[in-house]
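Note on naming: letters A, B, ... go to the chains in the order of the sequence lines (proteins, then strands), and numbering restarts at 1 for each one.
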Amino acid sequence: DAKTTQPNSMESNEEEPVHLPCNHSTISGTDYIHWYRQLPSQGPEYVIHGLTSNVNNRMASLAIAEDRKSSTLILHRATLRDAAVYYCILISGANSKLTFGKGITLSVRP
Amino acid sequence: GAVVSQHPSWVICKSGTSVKIECRSLDFQATTMFWYRQFPKQSLMLMATSNEGSKATYEQGVEKDKFLINHASLTLSTLTVTSAHPEDSSFYICSATRSRGGSPLHFGNGTRLTVT
């Protein structure tokens, strides 16, 4: 079964940039690339999404590889509140099918 | 921003009983809703995808007769755990989206189910 793959965990220092990678080599042309983050005992929260071009919003930036087989979520200045599990999720624009894996746990050191 | 309300936030039930969890999109019409299960310290697992007015599509390994999903309107989906057993104790989460792919998923805050 196709999934997105992410490292299990990553550590960063507060106020430094963080780059969270995701591989999605089986992505199809209609799949959007989404990122969400989840704190313990809460539902996930939307971070950003894109299709082909890089995207910026107030929370983060999304860099999408030219062949779309990988993407990177960029947090420009990590804060302690950014510590969470981050999920990279593909959502089909054709039939809403979701593809995702186990997520990456980000720890932020003060 | 868009809000998805999930109710109840926690429930304790006895083994053999059924439990219904509601997921409502409060300020938008959800073409598709999703249900997930999450065991402690594990990742999200998709259970089923539900489009309004049609039967839900269940993921492999999820028993459709045990986890009944109803998506009767564009703002409400329900998950009923039938004949619950202790192994069904988990964190159940829903999400909803306006359109396919190009709109964000809006997640509920989850329901903690404990079966005694």
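- Interface remark: of the candidates Gly50(A), Pro40(A), Ala94(A), Ala94(A) forms the most heavy-atom pairs closer than 4.5 Å to chain B.
- Within the 4.5 angstrom heavy-atom criterion, only backbone atoms of Asn95(A) (N, CA, C, O) approach chain B.
- Ranked by non-hydrogen atom pairs under 4.5 Å with chain B, the options Leu98(A), Thr105(A), Ile91(A), Ile48(A) are led by Leu98(A).
- With hydrogens and angles ignored, the 3.5 Å screen pairs no side-chain donor or acceptor of Lys14(B) with any backbone N or O of Thr116(B).
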Checklist entry - Going through the checks in order, is the side chain to side chain donor-acceptor pair (under 3.5 Å) test met by Ser50(B) and His71(B)? => result CA-CA 7 Å; Ser50(B) 168; His71(B) 191 166; 2.7 Å; yes

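- When Pro104(B), Ser95(B), Ser103(B) are compared by the number of non-hydrogen pairs under 4.5 Å with chain A, Pro104(B) comes out ahead.
- At a cut-off of 3.5 Å, with distance as the only test, no side-chain donor of His106(B) or Ser25(B) sits close to an acceptor on the other residue.
- Both the backbone and the side chain of Ser41(A) have a heavy atom closer than 4.5 Å to some heavy atom of chain B.
- Side-chain rings of Phe39(B) and Phe91(B) stay apart, their centers remaining 6.0 Å or farther from each other.
- Checked against a 6.0 Å centroid threshold, the rings of Tyr87(A) and His34(A) do not count as neighbours.
- Other residues, nucleotides and ligands place more than 12 heavy atoms under 6.0 Å from the CD atom of Glu87(B).
- Residue Gln6(B): no heavy atom, backbone or side chain, is found under 4.5 Å from chain A.
- With ring centers used as reference points, Tyr46(A) lies under 6.0 Å from Tyr36(A).
- With chain A as the partner, the residue from Val4(B), Leu44(B), Thr31(B) showing the most heavy-atom pairs under 4.5 Å is Leu44(B).
- Highest contact tally toward chain A, considering only Thr32(B), Asn51(B), Thr49(B), is held by Thr32(B) [criterion: heavy-atom pairs under 4.5 Å].
- Neither the backbone nor the side chain of Thr97(B) comes within less than 4.5 Å of any heavy atom of chain A.
- Residues Trp10(B) and Thr114(B) bring no donor and acceptor atom of their side chains to less than 3.5 Å of each other.
- Using a 4.5 Å cut-off between heavy atoms, Leu105(B) touches chain A through backbone and side chain atoms alike.
- When each of Ser96(A), Gly93(A), Pro44(A) is scored by its heavy-atom pairs under 4.5 Å with chain B, the top score falls to Pro44(A).
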